[in-house]
Amino acid sequence: MRSTRRTAGALALATALAVVCGGCTVQAADGKGQSPVRVELPSRSPSSTAPDTPSRTPADSKPEPPEVLWSRGDTGRDVRELQARLRQVAWLFDGPTGTYDDLTEQAVKGFQGKRGLPKTGKTDAVTWKRLLKMTREPGQWDLYLMGGQPAAEPDPRCLTGRVLCIDKTSRTLRWMIDGRTLSTVSVRFGSQYTPTREGVFQVYWKSRHHHSTLYDSPMPYAMFFSGGQAVHYSSDFAATGYAGASHGCVNVRDEGAIAELFAQVRNGDKVVVSW
């Protein structure tokens with residue numbers, strides 16, 4: 001009896017342990033239960049549940065190309081500034097014109113190649129940033145070195161009759177009849193040592209092939225209005241722009257435009273020179 005009770009007690013203890021351990025027991029060959037066995041499952045990190053994907057290295061991803069700001073065919077004030085800055089570092093010698101032409105494209109390529117940048121000829125953000133660091137802010141007459149600037153409002157004295165309306169502030173000449181502007185050209189004046197006179201005058205003499213005996217220089221299409229001062233074509237103004245100055249005359253750099261003007265202006269027409 002005692003043996004039977006001892007066996008029953010052992011079976012009860014084994015059953016209780018099986019319940020506690022989740023029913024995980026090992027049966028011996030003779031059918032007698034043995035101590036429960038604990039089964040260890042390998043733990044998995046949360047990241048291991050995601051599907052396997054190849055990791056990307058920096059070499060696999062190509063950087064985005066820099067934004068292109070201006071390229072061939074673009075026009076405007078920003079292009080003028082680009083050209084003015086390229087002139088400062090001697091990559092461009094003409095202009096500024098305000099038009100992104102083939103000369104500007106070649107200048108940008110040269111600048112890019114010298115600094116190890118891709119030679120695209122297009123001004124991207126990286127090229128522009130590098131150029132900004134190497135140059136100064138261009139002034140008004142750096143931007144309009146070769147003319148092309150807008151004209152100022154005409155002086156009130158220009159609003160009646162036939163007038164060569166010349167403005168020193170905007171460096172322009174308007175050809176006006178009864179308040180209407182027929183044409184506008186860029187002009188250049190005398191230096192501080194030989195200033196262009198201001199006031200109201202009249203054209204008193206026209207000389208198509210004039211040559212200055214005082215300065216030994218050509219003055220084609222000359223229209224004299226005050227002593228030896230005249231409106232005339234200047235090849236130096238055409239070549240160097242506002243980098244130079246006259247001896248007091250009003251220089252015009254556009255030969256075609258002054259040829260037309262010379263044909264229309266008459267002796268006695270009014271000339272107004274103002275700031």
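Please read these numbers as outputs of a predicted model, since none were measured by experiment.
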Next on the checklist: Keeping Glu81 on the side-chain end and Pro138 on the backbone end, is there a donor-acceptor pair under 3.5 Å?
Outcome noted: no

Checklist entry - Passes side chain to side chain contact (heavy atoms under 4.5 Å, CB included), Asp269 versus Gln202? Steps please. => result CA-CA 6 Å; Asp269 286 347; Gln202 287 186 337; over 6 Å; no

Item to check | Under 3.5 Å donor-acceptor, Gln229 side chain and Pro195 backbone | outcome: yes

Checklist outcome for this item: CZ (Arg85) and CZ (Arg136) are apart, to the nearest 0.5 Å, by 9.0 Å

Checklist entry - Is it true that a side-chain atom of Thr240 and a backbone atom of Asp236 form a donor plus acceptor pair closer than 3.5 Å? => result yes

Next on the checklist: Just verifying a value: how many Å separate Thr104 OG1 and Gln106 CD, rounded to the nearest 0.5 Å?
Outcome noted: 10.0 Å

Item to check | Ser186 backbone acceptor or donor facing Gln149 side chain under 3.5 Å | outcome: no

Checklist entry - For Trp275, what are the other residues in its hydrophobic cluster, where any two members join if their side-chain heavy atoms are less than 4.5 angstrom apart? => result none

Checklist outcome for this item: Contacts of Trp141 meeting ring pair (Phe, Tyr, Trp, His ring centres under 6.0 Å) (sequence neighbours excluded), chain-then-number -> Tyr242

Checklist entry - Members other than Leu103 in its cluster, when Ile, Leu, Val, Met, Phe, Trp, Tyr link by side-chain heavy atoms under 4.5 Å? => result Leu69, Trp70, Val79, Leu82, Leu86, Val89, Trp91, Leu92, Tyr100, Val108, Phe111, Trp128, Leu131, Leu132, Met134

Checklist outcome for this item: Here the gap from Arg130 atom CZ to Lys114 atom NZ, rounded to the nearest 0.5 Å, amounts to 13.0 Å

Checklist entry - With sequence neighbours excluded, what pairs up with Thr213 under the side chain to side chain contact (heavy atoms under 4.5 Å, CB included) test? => result none

Checklist entry - Taking only residues two or more places apart in sequence, or in another chain, which ones meet Ser217 in a side chain to side chain contact (heavy atoms under 4.5 Å, CB included)? => result Ser212, Tyr215

Item to check | Residues that Cys165 engages under disulfide bond (SG atoms under 2.5 Å apart), provided they are two or more places apart | outcome: Cys158

Item to check | Pairs meeting criterion ring-ring contact (aromatic ring centres under 6.0 Å, His included) with involvement of residues 145-171, two or more places apart | outcome: none

Next on the checklist: Suppose clustering is done on Ile, Leu, Val, Met, Phe, Trp and Tyr with side-chain heavy atoms closer than 4.5 Å. Which residues sit in the same group as Val163?
Outcome noted: Val200, Val272

Checklist entry - Does Pro96 offer a backbone N or O that forms a donor-acceptor pair with the side chain of Arg80 under 3.5 Å? => result yes

Next on the checklist: Can a donor-acceptor pair be found, under 3.5 Å and without considering hydrogens, that links the side chain of Gln112 to the backbone of Thr120?
Outcome noted: yes

Next on the checklist: Using modelled atom types and a 3.5 Å cut-off, is there a donor and acceptor pairing between side-chain atoms of Thr99 and backbone atoms of Asp101?
Outcome noted: no

Checklist entry - Between the side chain of Tyr204 and the main-chain N/O of Gly227, is any donor-acceptor distance below 3.5 Å? => result yes

Next on the checklist: Looking at Ala151, is its backbone amide N or carbonyl O close enough to the side chain of Thr172 to form a donor-acceptor pair, meaning the two atoms are under 3.5 Å apart?
Outcome noted: no

Next on the checklist: Test: disulfide bond (SG atoms under 2.5 Å apart). Region: residues 204-275. Which pairs qualify, not counting sequence neighbours?
Outcome noted: none

Checklist entry - Using 4.0 Å as the upper bound for N to carboxylate O, is an ion pair formed by Arg157 and Asp155? => result yes

Checklist entry - Which residue pairs pass the disulfide bond (SG atoms under 2.5 Å apart) test with at least one member in residues 188-248, sequence neighbours excluded? => result none

Checklist entry - To which residues is Trp175 joined in a hydrophobic cluster, defined by side-chain heavy-atom contacts under 4.5 Å among Ile, Leu, Val, Met, Phe, Trp and Tyr, whether direct or through other members? => result Leu164, Ile166, Leu173, Ile177, Leu182, Val185, Val187, Phe189, Phe201, Val203, Tyr221, Met223, Phe225, Val231, Tyr233, Val250, Val252, Ile258, Leu261, Phe262, Val265, Val271, Val273

Checklist entry - Can you tell me how far CZ of Arg162 sits from NZ of Lys270, rounded to the nearest 0.5 angstrom? => result 12.5 Å

Next on the checklist: I'd like to know whether Arg253 forms a side chain to side chain contact (heavy atoms under 4.5 Å, CB included) with Arg188, so could you lay out the CA-CA distance, the side-chain angles of the two residues, the decisive distance to 0.1 Å, and finally the verdict.
Outcome noted: CA-CA 8 Å; Arg253 67 181 305 272; Arg188 187 177 72 171; over 6 Å; no

Item to check | Side-chain donor/acceptor of Thr196 to backbone N/O of Gly248, under 3.5 Å | outcome: yes

Item to check | Inter- and intrachain pairs under disulfide bond (SG atoms under 2.5 Å apart), touching residues 95-131, at least two apart | outcome: none

